[in-house]
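As structure tokens, the structure follows; a few thoughts come after it.
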Protein chains: 2
Amino acid sequence: MSAALSELEKEVIDIFVRIAGVLSLPRSVGELYGLLYISPKPLCIDDCMRKLKISKGSTSQGLKILRSFGAVNTVYVPGDRKDFFEAEAQLRKIVAGFVNEQVRPHLDNGKARMAHIDQLIAAEEGEHREFYASRMERLKGWQKRAGSLLPFALNFIKPE
Amino acid sequence: MSAALSELEKEVIDIFVRIAGVLSLPRSVGELYGLLYISPKPLCIDDCMRKLKISKGSTSQGLKILRSFGAVNTVYVPGDRKDFFEAEAQLRKIVAGFVNEQVRPHLDNGKARMAHIDQLIAAEEGEHREFYASRMERLKGWQKRAGSLLPFALNFIKPE
DNA sequence: GCCATCGTTCATTATTTTTTGAACAATCTG
DNA sequence: CAGATTGTTCAAAAAATAATGAACGATGGC
């Protein structure tokens with residue numbers, strides 16, 4: 001039950017560790033999700049710790065992060081005091097949660113920042129003002145496209 | 001000429017530093033691109049060093065990374081031995097370069113890994129084989145969608 | 001060919017990020 | 001309520017990542 005990781009588990013976990021890297025999430029978060037993703041039944045914190053050989057702190061913290069964007073759900077197991085966890089398998093939910101929690105704040109911040117830059121350029125006196133303005137226009141174009149790509153991508157990932 | 005950064009420069013650089021963070025690139029790489037992006041004329045390594053107050057090593061290394069996916073181009077300046085650099089402003093080129101250099105390798109690796117997992121599951125004897133297989137199917141579905149989203153996104157960013 | 005200038009490399013140093021584990025708070029059990 | 005059991009928090013340690021700068025090689029001018 002609390003044996004070492006099987007070859008299969010190791011490989012699956014490895015995939016999610018890489019994905020975590022891309023998303024700038026700690027390695028342990030990827031490990032936890034991978035373990036739960038391939039687990040036929042919900043696991044408790046202690047199971048995770050033992051199988052992944054990571055500390056209780058990392059486990060608790062990692063599961064907290066995963067819950068924060070809905071990648072992991074808690075499961076009630078009758079007759080057990082412990083919390084049990086299982087991986088959310090609906091990609092759409094996870095992506096939506098991740099975007100809302102970790103991406104949107106940045107995008108919003110970016111917009112405010114752009115507005116400030118516009119002001120700076122308006123106040124600019126030097127010979128390069130036109131150039132600056134054109135660069136900013138271009139930057140706004142980028143932002144706009146990225147922004148409109150996002151909802152599209154979300155829609156692309158159809159409700160499973 | 002080698003004065004401190006203007007408010008405008010600082011703000012623009014800040015934007016690209018954030019973007020660098022999202023892409024898991026070093027801060028200095030974001031700084032360099034931002035500086036060049038808002039610079040009306042090409043800059044040499046020494047200009048970059050002085051304005052950003054970063055070391056020669058970081059500057060050289062950072063520009064190398066930026067060139068590797070076409071975010072920065074070298075410019076020939078007659079009568080000067082130094083190399084000069086300017087930001088590539090065509091988003092399409094940069095994204096394409098970045099995807100080819102930094103993203104594709106991972107995707108390819110992922111595919112190989114999946115194939116290996118399929119083998120492991122085929123060899124599986126235990127009662128959970130069906131479950132494992134269904135999880136892998138789901139994972140492949142994700143991979144496929146992500147894969148088909150990519151070319152679409154590239155196309156979405158039209159040739160400026 | 002020799003000296004000066006320029007860019008790169010890479011071992012070391014600094015910084016940032018992640019993990020650890022012990023202390024704590026909360027909750028159940030009898 | 002006392003004693004366990006469970007999960008969380010957070011200061012300290014460890015690990016990973018990035019920056020530095022001196023040494024080096026390459027190139028051009030004289």
Side-chain angles (χ1 to χ4, degrees), chain A residues 1-2 13-14 16-36 42-68 72-86 102 106, chain B residues 1-2 5 13-14 16-36 42-68 71-86 102 106:
Chain A
M1 172 60 232
S2 74
I13 288 168
D14 191 280
F16 287 104
V17 165
R18 282 158 197 272
I19 294 176
V22 171
L23 302 178
S24 299
L25 293 171
R27 173 189 189 82
S28 63
V29 169
E31 292 177 318
L32 283 163
Y33 185 80
L35 177 63
L36 291 173
L43 302 179
C44 67
I45 288 195
D46 220 50
D47 295 332
C48 295
M49 282 181 63
R50 284 203 312 272
K51 291 211 104 176
L52 297 174
K53 301 216 186 80
I54 62 181
S55 70
K56 193 151 64 133
S58 283
T59 309
S60 173
Q61 188 57 29
L63 288 170
K64 185 180 181 180
I65 291 172
L66 286 166
R67 268 173 296 160
S68 80
V72 151
N73 298 124
T74 54
V75 184
Y76 172 65
V77 172
D80 203 320
R81 244 179 90 187
K82 295 200 273 293
D83 296 345
F84 282 80
F85 303 89
E86 70 182 5
Q102 324 263 325
H106 288 278
Chain B
M1 172 59 232
S2 74
L5 291 170
I13 288 168
D14 192 280
F16 287 105
V17 165
R18 282 158 197 271
I19 294 176
V22 172
L23 302 177
S24 298
L25 292 171
R27 171 189 189 83
S28 62
V29 168
E31 292 177 319
L32 284 164
Y33 185 81
L35 177 64
L36 292 173
L43 302 179
C44 67
I45 288 195
D46 220 50
D47 294 332
C48 296
M49 281 181 64
R50 284 202 311 272
K51 292 212 103 176
L52 297 174
K53 301 217 184 80
I54 61 180
S55 71
K56 192 148 67 128
S58 284
T59 309
S60 173
Q61 188 56 30
L63 289 170
K64 185 179 180 180
I65 290 171
L66 286 166
R67 269 174 295 161
S68 80
V72 150
N73 298 123
T74 54
V75 183
Y76 172 65
V77 172
D80 202 320
R81 245 180 89 187
K82 295 200 273 297
D83 296 345
F84 282 78
F85 302 90
E86 68 182 6
Q102 323 265 324
H106 289 276

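A, B, ... follow the sequence lines: proteins, then strands. Residue 1 opens every chain.
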*Output all residues satisfying side chain to side chain donor-acceptor pair (under 3.5 Å) with Asp46(A), sequence neighbours left out; order by chain, then residue number.*
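Here the qualifying residues are Arg50(A).
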
*Ion pair Arg18(B)/Asp14(B), N-O distance below 4.0 Å*: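 Judged by the 4.0 Å cut-off on N to carboxylate O distance, Arg18(B) and Asp14(B) do form a salt bridge.
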
Using whole Å, what does the distance between atom [atom2] of nucleotide [N] and atom [atom1] of [X] come to?
{"X": "Leu52(B)", "N": "dT20(D)", "atom1": "CG", "atom2": "P", "result": "10 Å"}
{"X": "Phe85(A)", "N": "dT6(D)", "atom1": "CZ", "atom2": "P", "result": "13 Å"}
{"X": "Met49(B)", "N": "dA19(D)", "atom1": "CE", "atom2": "C1'", "result": "12 Å"}
{"X": "Leu32(B)", "N": "dA19(D)", "atom1": "CG", "atom2": "C1'", "result": "12 Å"}

_Listed partners of Phe16(B) passing ring-ring contact (aromatic ring centres under 6.0 Å, His included), at least two apart_ =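 ring-ring contact (aromatic ring centres under 6.0 Å, His included) list for Phe16(B), sorted by chain: Tyr33(B), Tyr37(B).
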
*Can you name the salt bridge (charged side-chain N to carboxylate O under 4.0 Å, His left out) partners of Lys56(A), sequence neighbours left out?*
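Expected list: none.
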
_Among Leu63(A), Asp83(A), Leu35(A), which residue satisfies the side-chain contact (heavy atoms from CB on, under 4.5 Å) criterion with Leu43(A)?_
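With Leu43(A) as partner, side-chain contact (heavy atoms from CB on, under 4.5 Å) holds for just one option, Leu35(A).
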
Who are the side chain to side chain contact (heavy atoms under 4.5 Å, CB included) partners of [X], not counting sequence neighbours?
{"X": "Arg81(A)", "answer": "none"}
{"X": "Thr74(A)", "answer": "Arg67(A), Phe85(A)"}
{"X": "Val75(A)", "answer": "Pro42(A), Phe84(A), Glu86(A)"}

*Does anything in residues 58-66 of chain A reach DNA chain D, meaning a heavy atom under 4.0 Å, and if so which residues?*
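Per residue number, the list reads Ser60(A), Lys64(A).
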
_Just to be sure I understand the rule, does Asp46(A) reach a base, reach only the sugar-phosphate, or reach nothing, if contact means heavy atoms closer than 4.0 Å?_
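It contacts nothing in the nucleic acid.
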
Looking only at heavy atoms, what is the nearest atom pair of [X] and [Y], with distance?
{"X": "Cys48(B)", "Y": "Thr59(B)", "answer": "CB-CG2, 3.8 Å"}
{"X": "Ser58(B)", "Y": "Ser55(B)", "answer": "N-OG, 3.1 Å"}
{"X": "Ile54(A)", "Y": "Ser28(A)", "answer": "CD1-CB, 4.3 Å"}

*Out of curiosity, Ser24(A) OG to Gln102(A) CD, how far, rounded to the nearest 0.5 Å?*
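Nearest 0.5 Å value for the OG-CD distance: 9.5 Å.
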
*Using heavy atoms and a sub-4.0 Å distance, could you list which residues of residues 71-78 of chain B are near DNA chain C? By number, please.*
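The answer is none.
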
*Covered region of DNA chain C, 5' end to 3' end, by chain B [heavy atoms, under 4.0 Å]*: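 Contacts span dT5(C) to dT9(C), reading 5' to 3'.
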
_Check this one for me: any side-chain N or O of Arg67(A) less than 4.0 Å away from OP1 or OP2 of dT8(D)?_
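So the side chain of Arg67(A) is within the cut-off, an N or O lying under 4.0 Å from OP1 or OP2 of dT8(D).
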
Pairwise N/O distances under 3.5 Å, protein to nucleotides 24-27 of chain D:
from	atom 1	to	atom 2	distance (Å)
dT27(D)	O2	Arg81(B)	NH2	2.7

*Mind jotting down which residue pairs meet the salt bridge (charged side-chain N to carboxylate O under 4.0 Å, His left out) criterion with at least one end in residues 20-35 of chain A? Sequence neighbours excluded, please.*
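Qualifying pairs: Arg27(A)-Glu31(A).
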
